[in-house]
Amino acid sequence: MKTTTVSVYAAFFFILVLSVSCRRDSEAPDVAFQKIEMCMESLPDTALYLLKSVPHPEKLRGKSQADYALLLTQAMDQNYVKFTSDSLIALALNYYTVKRGDTAMRAKAQYYYGRVLRELGKDEEALSFLSSAKEMFGKIQCCKMFAMATDEIGMVNRKKKLYQESLKNFQESYAIYEELKDSLGIVRAGQNIGRAYLFQNKWDSCYFYYNNALELARKKQYPSEVSILHELGILYRSMGELKKSERYFLAAYEKETDEERKYVECMSLGYLYIQMGDVENARKYFKMSINSSKEYTRIDAYNNLYFLEKDIDNFEEAITYHEKADSIVSVLDEVDSLELITELQKQYENEKLRSDNLQMKMHRTVFLFCGTIVFLIVAFYMCYYYYKSKNHKKKIAEIESQIRDNEEEIKRYQQEMEEIQELKDQVLEENRILEENRMKVGELNGKIVLLSMQNKTLSGLLKELGGELTVGPSSEQYISAFRLLLAIKEGTLRGKLSDGERYKLFSLFDLLYADYVTRLLDKAPLLTKRDLEICCFLKFGLTNEELARIFQTSSDSVTKAKGRLKGRLGISSQEDLNAFLRDF
């Protein structure tokens, strides 16, 4: 019931707002905006004046508000008014993004939103909107706006130092302007192409486009003639042809009608004359720049005069110019601080007013939705409590069952631990016996070697005395085999065993362990030489790591070889091969 009531209120509120919006849109000065748009290209300053004369623009709503915001942004752009915020054009963009019927206006709003973002230094965001606008202009075949969007994309790429990409953009727009026979667009695009080549130090191509743009600008008497002359001066200055650069800078100075821009030309001439070593003319033009109404121009002029006088050891004049520059900087700092305080105060007041209005609107909506929110909270709590109670008993039963299962697992694990401990004790005892046997075998082997050496010595002595008894070849063979076995155990053996060494080794083990090798072959005639080596080394007590070192392989390979050996000996995979060979 309460949900239905809220839905009715919401529908009524939406219809009310829609009706008010439609009524206001119908009263908006659409005809006036159409006339302003018609004179925008030819008389942008007049269009800006008319738009600023619209009474109470804050009361505009819907399409009228969006049209006003878009036209005002366009007029500000064409009159070179610096943008400080994107809030104005955002009104138009938001409206035309929702009202998707008018593609041309939406594309135009995106284009100018990208222009504003570029002016605000947000190049990546600007590139996104400009690219989208270009795509839409292409679909609706609005060639001029398509070329303008391409120009702006080229400027963003040039700022990002993607000179090749920017050059392609400018050349694309240049071709479109030529098809449209738009001389102003051709001049603008040609100048941009010249700048792109200038940044890449391609002087010939740069001069070609600048010169074409200059001729057309002179023919049509466009104001851009002055800026092209100025940039040609920069071109020749970059090439080191200072005389030609001087000619273009002077021509730009003479053609310039804006008093403030003349001072910019004076600064360029001053820099040029410093490079040419003409101190008098440099001083002359820097002093002319001092009359500028722009504080930063005057600061630059005073600083350049300071360095100029300092370089010619005129320190008194240099100090004077330096102090004047510092005084302007101090004044600017104070003005900036006051302006900042004023701006912050305005922002605070605007935010406070906006906050108050928002709060009033919130009070109206909160009252309508408060009961619904409370109902939803109570309903949610009841459902949660019911669900929690329902699952409480189930969880208790599951926990009790889990505890019983865990207790059984604990008992089983304890039993397994006891069995493992018994096996561990048994293994330790077997290892102890094995170690004692190894020690006995080593002791007996040592005695054999010692007695064999004594026999060899005694045999030699007996021979000297004229006797006939000598140590048999088998003794020497066993001594050599035992030394070989010790070398293997100590890890000093290098390379694989030869057939002769294997024979000695097998003979020694037959001697020590009652025909050990012979019995192995009787049990398993298919045993290889490698199998017999492994059996002898295991009988001698070598580990897997030592076997891996002897055979120059890995421990895993030794383990696999032992597994194959079990099969040949007829031993099950569960039996311990070491224990079998030890008792064999």
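No hydrogens, no waters, no symmetry mates; every other heavy atom, side chains included, goes into these values. Counting begins at 1 with the first residue of the sequence.
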### Message
Measuring from atom CE of Met276 to atom CG of Asn281, what distance do you get when rounded to the nearest 0.5 angstrom?
### Response
8.5 Å
### Pair Ser289-Ser292, side-chain donor/acceptor within less than 3.5 Å
no
### Task
Give, for atom CZ of Phe286 and atom OH of Tyr263, the distance between the pair rounded to the nearest 0.5 Å.
15.5 Å
#### Entry: Atom pair NZ (Lys108) and CD1 (Ile89), whose distance is rounded to the nearest 0.5 Å
9.5 Å
### Summary
Of all heavy-atom pairs linking Ser224 and Val187, the shortest is OG-CG1, 3.4 Å
### Message
Are the side chains of Tyr321 and Asn303 in contact, using a 4.5 Å heavy-atom criterion?
### Response
no
### Task
Taking all heavy atoms of Ala126 and all of Gly114, pick out the closest pair and write down the distance.
CB-O, 3.4 Å
### Message
Tell me every residue that passes salt bridge (Lys or Arg N to Asp or Glu O under 4.0 Å) with Lys395, counting only those two or more places apart in sequence or in another chain.
### Response
none
### Message
Any heavy-atom pair between the side chains of Leu93 and Asp86 that's under 4.5 Å?
### Response
no
### Task
Using the ring pair (Phe, Tyr, Trp, His ring centres under 6.0 Å) rule, collect all pairs that involve residues 108-142, keeping only residues at least two apart or in two chains.
Tyr113-Phe129
### Message
Apply side-chain contact (heavy atoms from CB on, under 4.5 Å) to residues Asn192 and Arg188 and explain how you reach the verdict.
### Response
CA-CA 6 Å; Asn192 282 328; Arg188 182 167 58 244; 4.1 Å; yes
### Query
Would you call Leu167 and Gln171 a side-chain contact if the rule is heavy atoms closer than 4.5 Å?
yes
### Considering all heavy atoms, the nearest Ala147-Ile176 contact
CB-CG2, 3.9 Å
### Summary
Closest non-hydrogen atoms of Arg237 and Ser268, given as atom of the first, atom of the second and distance, are NH1-O, 4.2 Å
### Message
Checking the side chain of Ser132 only, and the main-chain atoms of Ser128 only, is there a donor and an acceptor separated by less than 3.5 Å?
### Response
no
### Query
Under 4.5 Å between any side-chain heavy atoms of Lys284 and Tyr273, yes or no?
no
### Task
Report yes if some heavy atom in the side chain of Gln65 is under 4.5 Å from a heavy atom in the side chain of Tyr95; otherwise report no.
no
### Message
Can you see whether Tyr302 engages Glu323 through a side-chain donor-acceptor pair at a distance of less than 3.5 angstrom?
### Response
no
### Task
State, yes or no, whether a side-chain contact exists between Arg118 and Phe83 at a heavy-atom distance under 4.5 Å.
no
### Query
Looking at Ala47 and Ile36, what are the two nearest heavy atoms and their distance?
CB-CG2, 3.9 Å
### Summary
All heavy atoms of Tyr253 vs all of Cys266, minimum pair found to be CE1-SG, 3.4 Å
### Distance, nearest 0.5 Å, that separates CD1 of Ile153 from CE of Met148
12.5 Å
#### Entry: Heavy-atom side-chain contact between Asp67 and Met105 under 4.5 Å
yes
#### Entry: Ionic contact status for Glu241 with Lys244, cut-off 4.0 Å
yes
### Query
Can you find a pair of side-chain heavy atoms, one from Tyr222 and one from Ser183, that are under 4.5 Å apart?
yes
### Pairs satisfying side-chain hydrogen bond (donor to acceptor under 3.5 Å, both in side chains), at least one member in residues 310-319, at least two apart
Glu309-Asn314
### Task
Give every residue pair that meets the side-chain hydrogen bond (donor to acceptor under 3.5 Å, both in side chains) criterion with at least one member in residues 133-144, sequence neighbours excluded.
Lys134-Glu172
### Query
Any chance CZ of Arg261 has more than 12 other-residue heavy atoms, nucleotides or ligands included, within less than 6.0 Å?
no
### Query
Using 30° and 60° as the class limits, which term best fits the ring planes of Tyr248 and Tyr236: parallel, tilted or perpendicular?
parallel
### Query
Can you tell me how far the CG atom of Leu50 sits from the NZ atom of Lys52, to the nearest 0.5 Å?
12.0 Å
### Message
Is it the case that the side chains of Gln191 and Ser227 hold a donor-acceptor pair, with the cut-off being a distance below 3.5 Å and no angle test?
### Response
yes
#### Entry: salt bridge (Lys or Arg N to Asp or Glu O under 4.0 Å) partners of Glu124, counting only residues at least two apart
Lys160
### Query
Hey, does the side chain of Asn304 reach the backbone of Asp300 with a donor-acceptor pair shorter than 3.5 angstrom?
yes
#### Entry: Trace of the side-chain contact (heavy atoms from CB on, under 4.5 Å) decision for Gln78 with Gln74
CA-CA 6 Å; Gln78 294 195 11; Gln74 185 178 356; 3.6 Å; yes
### Message
Pair Asp151, Phe170 - check side-chain contact (heavy atoms from CB on, under 4.5 Å), show working.
### Response
CA-CA 6 Å; Asp151 261 338; Phe170 295 139; 3.4 Å; yes
#### Entry: Lys/Arg N to Asp/Glu carboxylate O, Glu225 vs Arg218, below 4.0 Å
yes
### Message
With salt bridge (charged side-chain N to carboxylate O under 4.0 Å, His left out) as the criterion, how do Glu265 and Lys262 come out once you've worked through the C-alpha distance, each side chain's angles and the decisive distance to 0.1 Å?
### Response
CA-CA 5 Å; Glu265 300 298 336; Lys262 270 186 175 290; over 6 Å; no
Review item, side-chain donor-acceptor pairs of residues 202-213, under 3.5 Å, at least two apart:
{"unit_1": "Tyr210", "atom_1": "OH", "unit_2": "Glu231", "atom_2": "OE1", "d": "2.4"}
{"unit_1": "Asn211", "atom_1": "ND2", "unit_2": "Glu215", "atom_2": "OE2", "d": "3.3"}

### Query
So how far is it from Ile299 CD1 to Lys324 NZ, rounded to the nearest 0.5 Å?
14.0 Å
### Message
Is there a side-chain contact (heavy atoms from CB on, under 4.5 Å) between Val226 and His230? Walk through the geometry before answering.
### Response
CA-CA 6 Å; Val226 177; His230 180 84; 5.6 Å; no
